[in-house]
Structure formats: structure tokens, C-alpha cells
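See structure below.
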Amino acid sequence: MSKGKYYITTAITYTSGKPHIGNTYEAVLADSIARFKRKDGYDVFFQTGTDEHGQKIEIKAQEAGVTPKEYVDKVSSSIRDIWDMMGTSYDKFIRTTDDYHEKQVQKIFKKLYDQGDIYKGAYEGMYCTPCESFWTESQLADGKCPDCGREVRPAKEEAYFFKMSKYADKLIEHINAHPEFIQPVSRKNEMMNNFLLPGLQDLCVSRTSFQWGIPVDFDDKHVVYVWLDALTNYITGIGYECGGEGTEQYRKYWPADLHLIGKDIIRFHTIYWPIFLMALGEPLPKQIFGHPWLLQGDGKMSKSKGNVIYADDLVDFFGVDAVRYFVLHEMPFDNDGVITWELMVERMNSDLANTLGNLVNRTISMSNKYFDGVICDKNVAEPVDEELKETAVQTYGKVCKKMEELRVADAISEIFALFKRCNKYIDETEPWVLGKNEDKKDRLATVLYNLVESISIGASLLEPYMPQTAGKIAAQLNTTLSSFEETTQFGRYPSGSRVTEKPEILFARLDAKEVTEKAEALFAARRAETGEKEEGTETLEEIIDIEKKPEISYDDFAKMQFQVGEIIACEEVKKSKKLLCSKVRVGSEIKQIVSGIKQHYSAEEMVGKKVMVLVNLKPATLAGVVSEGMLLCAEDAEGNLALMTPEKTMPAGAEIC
RNA sequence: GGCGAGAUAGCUCAGUUGGCUAGAGCAUACGGUUCAUACCCGUAGUGUCGAGGGUUCAAAUCCCCCUCUCGCUACCA
């Protein structure tokens with residue numbers, strides 16, 4: 001009976017805050033695949049969960065005045081609530097703070113250390129004691145400190161590293177031998193060309209800069225790097241035991257058949273994760289699919305704009321299944337999808353309300369009108385019936401084919417093609433004409449039977465994607481949903497059954513303008529709310545935390561000379577995407593300074609600005625152009641830059657101290 | 001700068017190994033119908049298939065070059 005096991009995972013969601021619709025999309029996509037496979041006869045295990053360690057969470061908890069654990073408990077359960085609301089049928093919701101997970105991660109770390117794959121090394125390579133600075137190999141000048149020219153030595157700041165290079169060749173081989181391993185294939189090239197072929201750097205797999213992580217049990221100053229922690233959830237969640245056989249469940253389900261992840265974390269899943277597994281001697285997952293993103297159409301989503309769309313907003317407006325339909329349908333295979341309120345309404349009206357909802361409604365209405373709701377197959381067939389029946393019984397095969405390639409949107413379209421065919425069938429058979437002629441009663445009954453049966457088949461196929469709706473349709477038709485196998489036979493609907501008297505509207509038509517206005521009001525309210533909070537607590541917008549650097553002495557600071565500079569000319573650096581070359585007057589001197597800010601400032605608008613310049617920086621050549629200093633900028637979390645300018649008018653050359 | 005993807009109807013996109021008047025959905029217009037949630041069915045479209053050149057009996061499809069967009073990556077003092 002069973003077609004075998006199928007283990008599918010989503011990425012685990014980071015518990016730093018409420019997930020937006022993009023995260024939810026992944027859960028719904030995985031869910032529809034899991035439900036499809038389950039119904040298709042596979043023994044499915046679907047795992048999702050939350051990733052709960054790291055510095056960001058430590059800081060967020062501190063801000064909120066709670067312990068990290070209290071913080072993640074709250075966020076994790078809210079994420080789980082959203083997944084539940086969306087009807088995701090996960091078999092396991094793992095949290096990286098679960099004790100069995102933490103224990104296994106510690107064991108894994110120890111094992112890798114004992115077998116020499118993880119070694120204790122120095123972070124950032126070279127250290128110059130007088131300057132108290134770390135330098136990477138590439139920063140060194142003739143093997144010496146670029147600052148003072150003195151000898152450097154390996155750093156004292158210790159950290160654990162993983163020997164990535166040891167397994168690189170094996171991984172390259174594997175990827176080449178299994179073209180389906182990384183999906184979509186375009187991602188495969190990126191990984192190969194940018195990381196694997198040039199040679200992998202060893203990965204630092206421990207941190208000492210914060211506490212909120214899994215401690216390295218034999219060296220408790222260190223916590224395990226979040227990715228090593230997070231990735232292993234895929235095995236710990238189903239019972240992996242380091243150094244042992246693992247549970248029966250583990251032996252049954254591993255390796256995973258599909259890791260569904262966002263395209264932004266492909267690198268971790270296609271390089272680091274397989275290498276960790278190789279080191280552990282475990283088989284590699286069969287496929288990693290980096291899905292595209294769901295973007296908001298009108299400008300980027302941001303909390304400060306107050307226009308972030310959350311799953312529960314959409315559910316309030318449209319209902320769970322409509323949202324599931326939308327995210328699944330609107331997401332193409334390898335391009336990013338767009339979400340706007342207008343598009344939501346359009347899909348809602350044309351596909352859900354008109355094509356599907358109205359079809360069910362009109363069919364039931366006619367059944368009630370002509371036969372008091374009793375559906376009987378009188379077997380008065382006509383040639384037109386054949387085409388409908390054929391479409392109905394063949395849909396499963398078409399859906400299946402699309403699902404094999406993970407083309408979920410296309411699979412759903414196939415089902416809707418059946419519903420459209422039903423509408424056409426009504427037009428062809430003209431039941432209202434048959435209804436006027438007593439001799440045609442039996443023909444009319446047959447037509448309605450065919451319709452009800454076709455709709456039942458469609459609903460059964462729709463179940464993995466829109467489970468609630470499928471159930472509602474079946475209930476209105478007073479039947480139960482069929483297995484996939486059964487949808488390939490026409491005529492399973494029990495003749496003589498009675499459909500509901502009063503069909504409930506499945507999807508109400510919506511007015512785009514009203515919805516947009518309502519959404520705008522919601523956002524305005526939200527902005528007002530965050531605005532109040534800002535005033536009340538003095539926390540403005542988003543705060544950003546960056547990695548802390550070691551304390552420096554005043555002498556260190558005094559070495560740097562900052563002055564106000566006036567930009568008197570500026571042009572683009574031809575060969576570069578990001579560089580602008582400015583002529584900056586600093587006192588009586590004119591310096592040429594190259595800066596990576598082309599994406600934020602045009603050459604024209606640079607001219608005339610008074611900016612903060614680090615003037616005594618050693619000159620360097622960038623993209624073939626000499627740069628004799630540095631323009632200072634502030635940078636936000638998205639990488640937007642703002643030049644630092646004096647708050648009052650100051651002459652070029654004024655010292656900044 | 002390196003690697004890669006893409007540019008097709010107003011919009012979102014399909015077009016397998018080059019082959020007959022280039023397609024689908026939505027939106028638009030017109031016609032039909034009335035069971036139904038002003039719904040459904042049909043018809044009609046418009047396209048220099050990004051620009052230019054080449055191979056071929058034949059190119060949206062292959063080759064060259066150009067422009068633009070996007071992704072990853074490097075640089076971003």
C-alpha cells in the first residue's frame with residue numbers, strides 16, 4: 001500500500017520576532033507537499049520548528065526585560081499558533097532549545113572535535129600585540145602588521161573551526177553526480193562557482209561573544225555556532241543519536257527527501273550541512289529546494305513603514321484557504337512572487353468566488369430546484385459528457401506530474417482547469433432548458449450527477465492545498481472526499497444522495513477598493529501604535545546591534561585623524577558597481593577618495609557636501625583607483641548608507657575630535 | 001570585476017530537440033445565456049517575440065555583438 005517514506009522539512013524559523021507572510025509561505029508550501037504525498041500513499045513525516053539561539057535573541061530578550069528562554073518560549077509558541085492557524089499538518093515541531101536537541105548538538109560537536117574535523121584555532125588569524133588588533137592574512141602587509149609594521153602572531157582569541165576543505169572534493173563529486181540535489185539548478189552553479197571551486201574556507205563554529213547558545217560541553221567559554229546548532233535539527237528531531245544507531249524513526253526517515261528552504265540560505269544547506277553530515281558519516285538529504293520569495297508589491301515591507309503583511313491580517317480579510325491558495329498560486333517556480341491587496345482580491349474574485357464558489361453554488365441550486373436536492377444518475381448519456389468525464393479522471397495524473405517537479409502552482413491550475421470545464425459543461429448542456437421539458441428529466445438528472453461527481457473529484461484533488469474548502473464542498477454535496485486513486489474513476493458519487501438545501505457561499509466576492517482602504521486603515525493604526533510606543537519608551541524605529549569590537553585605549557583613538565572635507569568633484573569608477581571617486585578638499589589639501597556608495601548617492605549629489613573624513617588612513621588602490629582616505633557613513637540593517645555631515649556649517653579642514 | 005539567469009499581447013507569464021496563420025490566464029470590447037456569488041460560455045483583438053548582425057529552405061528557439069534588468073560573489077579604507 002505505502003509507496004515508501006517521505007521526509008520533508010521546512011527551515012526552522014528564527015525566533016527574533018513575528019514571522020511575516022514570506023515565512024508563512026514556506027510552511028504552507030511544505031504543508032501542501034506533505035499533504036499531497038500523504039494522500040498519495042507515502043509514509044510522510046513533516047517537520048518544522050523554531051531556531052532559538054544567538055546573539056540577536058539574547059539582545060532582544062534583554063530589551064524586553066525577560067530571560068532569553070522566556071523570550072523564545074513566547075515567540076516560538078506564537079509562530080506555532082500561526083502555523084496551526086494556516087492548517088499546516090506538521091508531524092513534529094522542533095525547538096532548538098529542546099533538551100534532546102541540545103544534548104545531541106553537544107555530542108556532535110565533541111565527536112567532530114575528537115575525530116579532528118573541528119580544531120581549536122584563533123579567530124581572525126593574526127594578532128598584533130602593540131596595536132591590539134586582529135588581521136586576516138589578506139590584510140597583512142608583507143606578513144607584518146599593516147598598521148605599525150611589526151611582527152604579528154596567531155591570535156589568543158580562541159575559537160573552534162571546522163575543516164571544510166577536507167570534504168570539499170567529496171561534495172563537489174556528489175553535486176555533480178546528483179543534478180537534482182540543488183533545486184532550482186541555477187543555484188547549483190552559484191554554489192559551485194562562488195564557493196566550492198575557488199576553495200572553501202574553514203568555518204568558525206563557536207562563539208565566545210555571547211552566552212545564549214548551546215555550550216561546548218568540554219570548553220564552556222564557547223557556545224556552538226548557530227548554524228551548526230540549527231541545521232542539525234533535521235536529524236535530532238527524528239531521533240538521531242550521535243555515536244549510536246539512532247531511533248527506529250531516525251533509521252526509517254533519514255535521509256530527508258526534501259529540505260524546503262528560502263533561497264537566501266541555500267549556501268548553508270548545500271555546502272555546510274552536507275559537509276557536517278559527511279563528517280558524521282550520515283547520508284545526505286536527497287534534495288534541497290531553494291524557493292523564491294514572496295515580495296510585497298508596493299515598496300519594501302518594513303516595520304517602520306507599518307506595512308508588513310502578516311498571515312493573520314490576510315486570514316482576517318480573506319480566510320485561511322484563500323490565503324493558502326494565493327501564496328501557492330502566485331508563487332512561480334524560480335522567480336520571486338508579488339503580493340498586493342489588489343492581486344489578492346483579483347484571485348479571490350476570479351478564481352475562488354467566480355470559478356469555484358459559484359460553480360458549487362449553481363450546481364447545488366439547480367439540484368434543489370429540479371430534484372429537491374437528490375442526485376441520481378439516470379444514465380442518459382450524451383457525447384458531451386465524455387469530454388467532462390475524461391477531464392475529471394485525468395486531472396489526478398496531471399497534478400501528479402506537476403507535483404513531482406514541485407510545481408505546486410501549476411498543479412493547482414490543473415485542478416482549476418477541471419472546475420472551468422464544469423462551468424463550460426453547464427453551458428453546453430443547458431440544464432434550465434432541460435428543466436422545462438418533462439421528457440428531459442432523466443437527462444437533466446444525469447447532467448447534474450455528472451457535475452456533482454466532477455466537483456467531488458476536483459474537491460478531493462484540492463484537499464492538500466485547500467483542506468477546509470475541500471471539506472466544505474464535500475459536506476455540501478453530502479459525500480466524503482475520495483482518495484487520489486478513486487478520482488481516476490468516474491461515478492463513485494452515491495446515486496440517490498441529497499445535497500445541502502442551502503449552499504453556503506464558499507468565497508464572497510470582495511471590492512478591491514474597499515479592501516485596499518481597509519488595509520490602509522489597518523496600517524495607519526499600526527503606525528500610530530508604534531509611534532506612540534516610540535514616544536513612550538524613547539526607543540526610536542528599529543535599533544541595530546552590531547558585533548562588538550574589543551575595547552581600545554585613548555591612544556588608539558588618538559591615532560586616527562578625522563576632518564571635515566568638502567567634496568568638490570565626484571565621478572563614477574567605471575569598472576565598479578559600487579564605487580564613487582571623489583575629490584575632497586581637506587584644509588588646503590585635495591584628496592582623492594574612493595567610496596562604495598554608488599547605490600546610495602549619485603556622483604552629482606555628492607558634490608558640495610561637507611563630510612567626515614578619516615584622513616590619515618594608508619592609501620590603497622581600489623578597482624585600479626588610488627584612495628587616500630575614507631568617507632564615513634552610517635549604515636542600517638538593510639545596508640542603506642548615510643554620509644556623516646557636520647550639524648552646523650564648518651569649514652573644510654575642521655578637525656573632528 | 002567574476003559567474004549565472006532573463007528581456008514574448010496592457011498586466012503575469014508558457015513556448016519541449018529550430019517547422020505550418022506565436023500561445024494561456026487576468027484585464028478590455030462585443031455577442032450568447034439566466035441555474036448561480038452582476039455569474040458562466042463564446043468571439044475578437046492588438047505583439048518589429050529587447051536592438052543589430054549571422055547560420056538555415058525555415059529562428060522567439062542556434063551563433064556573434066550591443067543595451068537593459070535580476071541573482072550570487074568580489075571590491076566597497
Side-chain angles (χ1 to χ4, degrees), chain A residues 138-139 146 184-195 197-198 263-264 266-267 290 292-293 297 329-330 332-338 342-343 346-370 407 409-410 413 416-417 419-436 444 447-448 451 503-510 560 573-581 591 593-600 613-633 635 639 641:
Chain A
S138 61
Q139 284 174 310
V185 272
S186 59
R187 301 288 160 190
K188 179 188 137 188
N189 300 325
E190 288 177 7
M191 294 305 125
M192 277 292 202
N193 296 334
N194 292 320
F195 299 102
L197 298 178
K263 63 181 186 179
D264 50 328
I266 286 179
R267 178 162 131 204
W293 287 339
H329 179 273
E330 211 57 21
F333 186 66
D334 47 12
N335 293 317
D336 288 338
V338 176
E342 287 85 352
L343 280 170
E346 194 180 302
R347 289 269 75 77
M348 180 82 178
N349 287 348
S350 76
D351 297 355
L352 299 180
N354 294 352
T355 302
L356 175 56
N358 184 52
L359 169 67
V360 174
N361 193 269
R362 68 199 294 211
T363 302
I364 291 175
S365 295
M366 285 192 280
S367 303
N368 281 311
K369 182 168 181 176
Y370 299 121
R407 302 214 171 227
D410 293 344
S413 296
F416 273 76
F419 294 134
K420 288 187 177 190
R421 190 63 194 78
C422 289
N423 276 321
K424 192 174 175 181
Y425 179 73
I426 294 177
D427 223 63
E428 290 166 341
T429 53
E430 299 180 306
W432 50 91
V433 174
L434 299 174
K436 286 176 189 154
L444 176 57
V447 165
L448 287 172
L451 273 172
E504 181 203 345
I505 299 286
L506 289 171
F507 301 98
R509 288 178 61 80
L510 296 171
M560 296 187 279
V573 176
K574 279 273 150 44
K575 290 184 202 164
S576 161
K577 269 189 229 165
K578 294 192 185 171
L579 301 180
L580 288 181
C581 178
K591 282 179 170 288
I593 298 179
V594 178
S595 326
I597 52 175
K598 190 154 136 188
Q599 284 160 338
H600 307 278
V613 185
L614 175 59
V615 292
N616 62 335
L617 190 66
K618 183 179 173 183
T621 304
L622 292 159
V625 183
V626 177
S627 180
E628 306 168 300
M630 181 169 176
L631 303 186
L632 291 151
C633 284
E635 181 176 22
L641 297 176

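Both backbone and side-chain heavy atoms feed into the values below; hydrogens, waters and symmetry mates do not. A, B, ... follow the sequence lines: proteins, then strands. Residue 1 opens every chain.
Between K188(A) atom NZ and rA5(B) atom C1' there is a gap of 15 Å when expressed in whole angstrom units. Atom C1' of nucleotide rA27(B) and atom CG of L343(A) are separated by 12 Å, given to the nearest angstrom. Taking atom CG on D264(A) and atom C1' on rU73(B), their separation rounds to 16 Å, with Å as the unit. Atom pair I364(A):CD1 and rC35(B):C1' shows a separation of 12 Å (rounding to whole Å applied). When the C1' atom of rU43(B) is taken as reference, atom CG of D427(A) falls 13 Å away, rounded to whole Å. Computed from coordinates, the E190(A) CD to rC72(B) P distance equals 7 Å when rounded to whole Å. Atom pair F416(A):CZ and rG25(B):P shows a separation of 15 Å (rounding to whole Å applied). We find that CD of E342(A) is positioned 17 Å from P of rC11(B), with the value rounded to whole Å.
When both distances must be under 3.5 Å, the Watson-Crick or G-U wobble mate of rC68(B) is rG6(B). Of the nucleotides present, none pairs with rG45(B) by Watson-Crick or G-U wobble criteria with both distances under 3.5 Å. Nucleotide rC11(B) has rG25(B) as its partner under the Watson-Crick or G-U criteria, with both atom distances under 3.5 Å. Across all strands shown, rU34(B) remains unpaired; no Watson-Crick or G-U wobble contact has both distances below 3.5 Å. Base-pair partner of rA60(B): not found among the strands shown (Watson-Crick or G-U wobble, both distances under 3.5 Å). Base pairing of rU16(B) is not made with any nucleotide, judged by Watson-Crick or G-U wobble geometry with both donor-acceptor distances under 3.5 Å.
Nearest nucleotide to the I505(A) side chain, out of rG32(B), rG71(B), rU37(B): rU37(B). In the set rC35(B), rC26(B), rU37(B), rC26(B) carries the atom at the smallest distance from any side-chain atom of S350(A). Of the candidate nucleotides rC72(B), rA36(B), rC26(B), rC26(B) has the atom lying nearest to any side-chain atom of E346(A). Considering only the side chain of W432(A), rC35(B) comes nearest among rC35(B), rC40(B), rU37(B).
The shortest side-chain heavy-atom distance between L510(A) and N349(A) falls under the 4.5 Å cut-off. Taking 4.5 Å as the limit, some side-chain heavy atom of H329(A) sits within range of a side-chain heavy atom of S413(A). Counting heavy atoms from C-beta outward, I426(A) and W432(A) have side chains that approach closer than 4.5 Å. For the pair E430(A)/V447(A), no side-chain contact is recorded, criterion being any heavy-atom separation below 4.5 Å from C-beta on. Under the 4.5 Å side-chain criterion, counting only non-hydrogen atoms from C-beta, L631(A) is in contact with V613(A).
If you take CG on L359(A) and CZ on R421(A), they are separated by 12.0 Å, rounding to the nearest 0.5 Å. Atoms CG and CG, on N423(A) and L451(A) in that order, are 8.5 Å from each other to the nearest 0.5 Å.
M630(A) comes within contact range of the sugar-phosphate backbone alone, with a heavy-atom separation under 4.0 Å but no base atom that close. F507(A) comes within contact range of at least one nucleobase, with a heavy-atom separation under 4.0 Å. Nucleic acid contact class of L506(A) (heavy atoms, under 4.0 Å, all strands): base.
Rounded to whole Å, the separation between the C1' atoms of rC3(B) and rA74(B) comes to 11 Å. The C1' atoms of rU12(B) and rU28(B) are separated by 16 Å, rounded to the nearest whole Å. Between rC30(B) and rU21(B), the two P atoms lie 32 Å apart (nearest whole Å). To the nearest whole angstrom, the two P atoms, one in rG1(B) and one in rA9(B), are 30 Å apart. Annotation: rC66(B) and rA27(B) have their P atoms spaced 42 Å apart (nearest Å). For the P atoms, the distance linking rU8(B) with rA60(B) amounts to 15 Å, nearest Å. Taking atom C1' on both rC49(B) and rC62(B), the two are 16 Å apart, rounded to the nearest angstrom. Spacing between rG42(B) and rU34(B) at atom C1', rounded to whole Å, works out to 15 Å.
Taking side-chain N and O atoms only, N354(A) has a distance below 4.0 Å to OP1 or OP2 of rC40(B). The phosphate of rA24(B) has neither OP1 nor OP2 within less than 4.0 Å of any side-chain N or O from K420(A). In this model, the phosphate group of rU12(B) is not approached by any side-chain N or O of R347(A) to a distance below 4.0 Å at OP1 or OP2. Note on K424(A): a side-chain N or O is less than 4.0 Å away from OP1 or OP2 of rG42(B).
The closest donor-acceptor contact from the side chain of S595(A) to the backbone of M630(A) lies at 3.5 Å or more, if one exists at all.
Two residues, N423(A) and D351(A), neighbour RNA chain B, and the one matched to the more 5' nucleotide by heavy-atom proximity is D351(A). Between Y425(A) and V433(A), it is V433(A) whose nearest contact on RNA chain B lies nearer the 5' terminus.
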